[in-house]
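Below: one structure, written as structure tokens.
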Number of protein chains: 2
Amino acid sequence: MEFSVAVSRLVGLAQESRLAVFRALVRAGPDGLAAGAIARELSIAPNTLSAQLSILAHAGLVDSRRDGRSIIYTARFDTLGELLAFLIDECCDGRPEFCSALTPFDADPPTRRAPGRQASPCHR
Amino acid sequence: MEFSVAVSRLVGLAQESRLAVFRALVRAGPDGLAAGAIARELSIAPNTLSAQLSILAHAGLVDSRRDGRSIIYTARFDTLGELLAFLIDECCDGRPEFCSALTPFDADPPTRRAPGRQASPCHR
DNA sequence: TCCATATTTCAACGATAATTGAAATCAAAA
DNA sequence: TTTTGATTTCAATTATCGTTGAAATATGGA
């Protein structure tokens, strides 16, 4: 992924309400959520939310489709995955000995609600 | 990881020069780089860089130590790992069917310089 | 058609962030 | 101790960001 694209995706997530919006969309899954539903759930003014959603959309982090009067937003898992891959690359590249620090996926059990994935170091 | 901590870490990385600084530090490994060396390498004014480094440090993304007249900065792999774990949690939680989209670690070979890790879906 | 609902657009405002030049601090060398 | 080099701090400026109220657009129902 291009450096500047990574920056804009990070910018997309680097704000309290936008990260909350994205998280809500991730939790909602492929059905997504209508803009109004998000606004109510997170207590954000509709026009403010619209601006944030537009930033998320331009960052490629969400998609939208119209359904009747509503506009349904969904999280884009593929681009989040690309961003994660970029960040992992940044760390692992040429430095195998530190990759272990990048896989603490079972190090913080309370916040992990899913039956953990096994540690998967970038190199052995 | 706490939500607000995740936001501040993302803010730390969500800026052109800060992401470049962090990347340079990651590549430099545990030896780190002196502030001046970073400034020269990235053509950033020393005082501007100092402000950015201070933001990265407060975000917990870099450490610093004095060595003679220089101040050596190093990337913190542990906190980056925590941030990645947080983002992965956000996506995988309760939605196993989309986790595969989060592990395109061998999907973009040109940008991966290390002998790829195997795909490791959050759930099977 | 007229009305109500859902969302976006626009302009303006206040807040926050990034950059700059000058001065200050700190450590090493002369 | 004076000087040089490395980095930070400070105050000021500019740019960018987030929010708001009002108006505009689009859709579906009466």
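Lettering of chains follows the sequences in order, A, B, ..., and the numbering in each one begins at 1.
In this model, the phosphate group of dT19(D) is approached by a side-chain N or O of Gln52(A) to a distance below 4.0 Å at OP1 or OP2.
Contact record, Ala35(B) with Leu53(B): CB-CD1, 4.1 Å, taken as the closest heavy-atom pair. Between Gly12(A) and Leu61(A), the closest heavy-atom pair is CA-CD1, 4.1 Å. Scanning all heavy atoms of the two residues, the minimum distance from Leu13(A) to Leu19(A) falls at O-CB, 3.5 Å.
In this structure the side chain of Phe22(A) reaches within 4.5 angstrom of the side chain of Leu80(A), judged on heavy atoms. Side-chain contact check for Leu49(B) versus Tyr73(B): every heavy-atom pair is 4.5 Å or farther apart. Side chains of Ile44(B) and Gln52(B) form no contact here, defined as non-hydrogen atoms less than 4.5 Å apart.
Each of Asp67(A) and Ile44(A) was matched to the nucleotide of DNA chain D holding its nearest heavy atom; the match closer to the 5' end belongs to Ile44(A).
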Query - Letter per nucleotide, 5' to 3', of nucleotides 2-17 of chain C [B base touched, S only sugar-phosphate touched, - untouched; heavy atoms, 4.0 Å] - result: --BBSSBB--------
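Leu42(A) has its CG atom 16 Å from the C1' atom of dG18(D), to the nearest Å. Protein atom CZ of Arg65(B) is 17 Å distant from nucleotide atom P of dA6(D), rounded to whole Å. The distance from atom CD of Glu16(B) to atom P of dC17(D) is 13 Å, rounded to the nearest whole Å.
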